Amino acid sequence: MHKYFPKSFAIIDSYDKNLFKYNTSNFGIIYRNYKSTSACSELDKIALNCRKKRIPFFISNNIRQVIKYKATGIYLPAFNKSGIKNLLSAKKNILVLGSAHNAKEIKEKINQGCDAIFVSPVFKTKGYKKILGIYKFNLLTRNSKIKFYALGGINHKNLKKIKILNAVGFSGITLYKKKPAQINGPVSIKL
């Protein structure tokens, strides 16, 4: 299977119809909702719209949902230490994304079979006081053949700085939670 990875990802925890209104080329969606136990109706809407618009769609930490909703792949957050290798042996066409905050976690995600890794936080966020910054991000990602994405604190003001990172793309959580009038569609820059 050809492993296609878009340049930008929106990480969402609920369905947002505004994400599907624009040109969605080179854009993917990661659904991660750790609070809701009944997310099936949301996943139905997201999966249907992703198929219609041909948007790569990943579900966090639940291989059964990945298979049920015919998602492109699975997303393994940094706190997932066990991975999913045994479950993936039956489904070789499922892509695996992971996230990491340091060199130890990057190595762990590589060992878990991740095809691409989101490294965070690159810039200042509310949740993390310690940021990587551009220099440390590039040091962490320089010696591996795996694809890396920038995550954490990315906004419209610092988006151009992504170009100097050793990253194939970026992902945002709050970047895509703007009012519809402020969004010109999924954010993209030339890397």
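All values reported here derive from a predicted model rather than from experimental measurement.
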Please find the pair of heavy atoms, one from [X] and one from [Y], that lie closest to each other, and give the distance.
X	Y	result
I94	G73	CG2-CA, 3.6 Å
A167	A150	CB-N, 4.1 Å
I29	C50	CD1-SG, 4.0 Å
A116	F5	CB-CE2, 4.0 Å

**OP:** With ring-ring contact (aromatic ring centres under 6.0 Å, His included) as the test, would you mind laying out the steps for F9 and F118 before giving the verdict?
**Re:** CA-CA 10 Å; F9 283 90; F118 294 86; 5.4 Å; yes
Original post:
Parallel under 30°, tilted from 30 to 60°, perpendicular over 60°: which one fits the rings of F20 and Y15?
Top reply: parallel
Would you give the length of the straight line joining atom [atom1] of [X] to atom [atom2] of [Y], rounded to the nearest 0.5 angstrom?
X	Y	atom1	atom2	answer
I55	F57	CD1	CZ	10.5 Å
L159	N155	CG	CG	8.0 Å
Y135	L165	OH	CG	14.0 Å
K17	I46	NZ	CD1	14.5 Å
D115	K147	CG	NZ	9.5 Å
I59	K68	CD1	NZ	9.5 Å

Subject >> Short side-chain donor-acceptor distance under 3.5 Å, S60 and Y31 >> reply: no
Subject >> K109 (side chain) donor-acceptor with P77 (main chain) under 3.5 angstrom >> reply: yes
